[in-house]
Visitor: 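I'd like to ask some things about the structure below.
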Amino acid sequence: MKVPLIDLRASLTPIKDELFEQLEKTLEGMNLFLGPNVQALEQEFADFCRVKHGVGVSSGTDALSLALRALDIGPGDEVIVPSLTFFASIESIVHVGAVPVFADVDPDTLTIDPQKAAQLISGDTRAIMPVHLYGHPADMDPILQITHNHDLRVIEDCAQAHGARYNTRRCGAMADAGAFSFYFTKNLGAYGEGGLVTTPHDIVAERIGQLRHHGQVSKFEHASIGYNMRLDEMQAIILRIKLRSLDENNRRRCSIARQYDQLFADTDIRLLRPRADSEPVYHVYPVRLNRRDALRDHLEKQGIGTGIHYKIAGHQQPAMQKHPHRTGDMTVTESVCQDLLSLPMYPEMTAEQIEYVADKVLDFLRR
């Protein structure tokens, strides 16, 4: 049996006819520039997150960068971010001229440890960027209390957490801004690139709307130096169709995770332990085992796709040797990078595929 890490074709099948019909209508009208589908998606996704504003942009990385800029974070400012994250979180800080300050993560959820983050605050700190990693919400209440006490901004990196909840609140609706990626492997993914910023602040939404479109405020007037970071109308069509089934697909992911959890109980595998106050959405299903690479080779021979998220921590990336940064204790992060492996996870997985993956993992452990 072949079981990929993610099956992109399976997500296309149920929406193919409607998608092609909508694409054809849009191409007939040729309203491709910040058109009705982008505008509708912005409102629909903001409503989904229960936040006032949504602004569509070209990628998740750009969503983070624009959120930072709109919150006036720039050269000389420090932004605390977990080192266990995709490098885009870190890039966005460097892109605006700010300094990344790397914090360790909680061993149960692998999201930023609020107390470790608090210990890194300095006179130059302007913001904290919690990452809702693997679809697990960061522990936001302590983070929000810390930032309130120190008058800091908060930017949620929600690239892997579409629909996740923390104390009943959606990720992306708890801070000054939330940055989403619509990269095609995400829980809500386009068939290309895309991103979106959520925010409760009118001025932040207005600034991002200008910055993504060359700083333009009217056809001939540019109020600021901006960028070409607009969301594509075609991708917006895809995302609007897929948004309707996002909650159901997330429930399916949670069901698959529960089955994995049960099958791997009482083994040497270390599983993530979500907090009782959170509802994760399992963008990926990571497990920890000190024989990670051997397990990956074993599963590959059995036709099972796996991933490593992530093998090199942010503070250890070669690129960071060229840029100012600070780093705290990284005991958990550096351990995780040595032993974490992601198993197949997508809503369309069958019971047979789940059992096959689990059986081959357990077969490796028995050996």
Side-chain angles (χ1 to χ4, degrees), residues 45-54 63-64 67-68 70-71 73 77-85 89 92-93 100-122 125-180 187 197-201 204 247 250 254 257 271-283 286 328-333 336:
F45 195 76
D47 291 344
F48 174 82
C49 293
R50 299 179 184 175
V51 68
K52 188 173 184 181
H53 298 287
L64 288 167
L68 289 164
L71 291 166
I73 294 169
D77 296 332
E78 292 186 344
V79 179
I80 297 172
V81 63
S83 185
L84 186 65
T85 185
S89 310
S92 68
I93 298 168
V101 178
F102 294 106
D104 205 0
V105 293
D106 172 80
D108 290 335
T109 63
L110 303 186
T111 59
I112 191 168
D113 184 323
Q115 298 310 312
K116 295 288 183 65
Q119 294 168 9
L120 293 167
I121 293 173
S122 76
T125 304
R126 289 289 311 283
I128 296 180
M129 183 187 289
V131 180
H132 304 304
L133 198 67
Y134 311 137
H136 289 256
D139 195 1
M140 290 299 296
D141 283 345
I143 292 169
L144 293 171
Q145 185 62 55
I146 291 165
T147 54
H148 174 76
N149 293 343
H150 293 271
D151 192 25
L152 305 177
R153 297 291 198 174
V154 184
I155 301 96
E156 298 175 69
D157 185 336
C158 309
Q160 301 180 8
H162 311 69
R165 289 185 175 92
Y166 173 88
N167 279 332
T168 74
R169 293 166 290 174
R170 296 272 197 188
C171 289
M174 295 178 277
D176 295 294
F180 290 84
N187 291 38
V197 181
T198 53
T199 179
H201 305 307
V204 173
D247 274 336
N250 283 341
C254 292
L271 307 175
L272 269 62
R273 296 195 291 270
R275 291 183 310 278
D277 58 18
S278 296
E279 298 177 38
V281 292
Y282 293 95
H283 170 59
D329 172 71
M330 288 291 153
T331 302
V332 178
T333 294
V336 168

Visitor: Just checking Asp151: does its CG atom have more than 12 heavy atoms from other residues, nucleotides or ligands closer to it than 6.0 angstrom?
Guide: no

Visitor: Counting C-beta onward and ignoring hydrogens, is there a side-chain heavy-atom pair between Ile146 and Ile121 closer than 4.5 Å?
Guide: yes

Visitor: Using the side-chain contact (heavy atoms from CB on, under 4.5 Å) rule, pick out the option among Asp277, Leu144, Asp113 that qualifies with Asp139.
Guide: Asp277

Visitor: Atom CZ of Phe45 and atom NE2 of His53: how far apart are they, to the nearest 0.5 Å?
Guide: 15.5 Å

Visitor: Could you verify whether a donor N or O on one side chain and an acceptor N or O on the other, from Thr168 and Arg165, lie under 3.5 Å apart?
Guide: no

Visitor: Is it true that Asp329 and Lys116 have a side-chain N and a carboxylate O under 4.0 angstrom from each other?
Guide: yes

Visitor: In the structure I gave you, are the side-chain heavy atoms of Tyr134 and Leu84 within less than 4.5 Å of one another anywhere?
Guide: yes

Visitor: Rounded to the nearest 0.5 Å, what separates atom CG in Leu133 from atom OG in Ser89?
Guide: 8.5 Å

Visitor: Could you walk me through whether Val105 and Thr111 pass the side chain to side chain contact (heavy atoms under 4.5 Å, CB included) test, one step at a time?
Guide: CA-CA 5 Å; Val105 293; Thr111 59; 5.9 Å; no

Visitor: In Å, rounded to the nearest 0.5 Å, how long is the span from NE2 of His132 to OG1 of Thr85?
Guide: 11.0 Å

Visitor: Side chain to side chain donor-acceptor pair (under 3.5 Å) for Thr333 and Asp104? Distances and angles first, verdict last.
Guide: CA-CA 6 Å; Thr333 294; Asp104 205 0; 2.7 Å; yes

Visitor: Does the side chain of Thr109 come within less than 4.5 Å of Arg273's, by heavy atoms?
Guide: no

Visitor: Salt bridge check, Arg169 against Asp141: does any charged N sit closer than 4.0 Å to a carboxylate O?
Guide: yes

Visitor: Give the C-alpha distance, both sets of side-chain angles, the deciding distance and a yes or no for side chain to side chain contact (heavy atoms under 4.5 Å, CB included) between Ile112 and Phe102.
Guide: CA-CA 10 Å; Ile112 191 168; Phe102 294 106; over 6 Å; no

Visitor: Any idea which heavy atoms bring Cys158 and Gly178 closest together, and the distance?
Guide: SG-CA, 4.2 Å

Visitor: I would like to know whether Leu120 and Thr125 meet side chain to side chain contact (heavy atoms under 4.5 Å, CB included); could you show each step before the answer?
Guide: CA-CA 9 Å; Leu120 293 167; Thr125 304; over 6 Å; no

Visitor: Is the shortest side-chain heavy-atom distance between Cys254 and Pro280 below 4.5 Å?
Guide: no

Visitor: Over all heavy atoms of both residues, which pair between Val131 and Pro82 is shortest? Give the atoms and the distance, please.
Guide: CG2-CG, 3.5 Å

Visitor: Could you give the distance from CG (Asp108) to NE2 (His136), rounded to the nearest 0.5 Å?
Guide: 11.0 Å

Visitor: Is any side-chain heavy atom of Ile128 closer than 4.5 Å to one of Pro130?
Guide: yes

Visitor: When rounded to the nearest 0.5 angstrom, what is the spacing between CD1 in Ile143 and CD1 in Ile80?
Guide: 10.0 Å

Visitor: Just how far is it from atom CG of Leu68 to atom CZ of Arg126, taken to the nearest 0.5 Å?
Guide: 10.5 Å

Visitor: Under the side chain to side chain contact (heavy atoms under 4.5 Å, CB included) criterion, do Ile155 and Leu64 qualify, and how do the steps go?
Guide: CA-CA 8 Å; Ile155 301 96; Leu64 288 167; 4.1 Å; yes

Visitor: Yes or no on side chain to side chain donor-acceptor pair (under 3.5 Å) for Asp176 and His201, after CA distance, side-chain angles and deciding distance?
Guide: CA-CA 7 Å; Asp176 295 294; His201 305 307; 2.9 Å; yes

Visitor: Looking at every heavy atom in both Met174 and Glu156, which two are closest together, and how far apart are they?
Guide: N-OE2, 2.9 Å

Visitor: Would you name the heavy atoms of Val281 and Gly163 that are closest together and state the gap between them?
Guide: CG1-C, 3.7 Å

Visitor: Any idea which heavy atoms bring Ile93 and Pro100 closest together, and the distance?
Guide: CG2-N, 3.8 Å

Visitor: Taking the side chain as everything from C-beta on, heavy atoms only, tell me whether Val336 gets closer than 4.5 Å to Leu110.
Guide: yes

Visitor: Strictly distance-based, threshold 3.5 Å: is any side-chain N or O of Asn149 a donor or acceptor partner for the main-chain N or O of Gln145?
Guide: yes

Visitor: Should Ser92 and Met129 count as side-chain neighbours, where that means a heavy-atom distance under 4.5 Å?
Guide: yes

Visitor: Given side chains that start at C-beta, do those of Arg275 and Tyr166 come closer than 4.5 Å, heavy atoms only?
Guide: yes

Visitor: Taking all heavy atoms of Leu272 and all of Pro274, pick out the closest pair and write down the distance.
Guide: O-CD, 3.5 Å

Visitor: Assess the pair His162 and Phe48: is the distance between their ring centroids shorter than 6.0 Å?
Guide: no

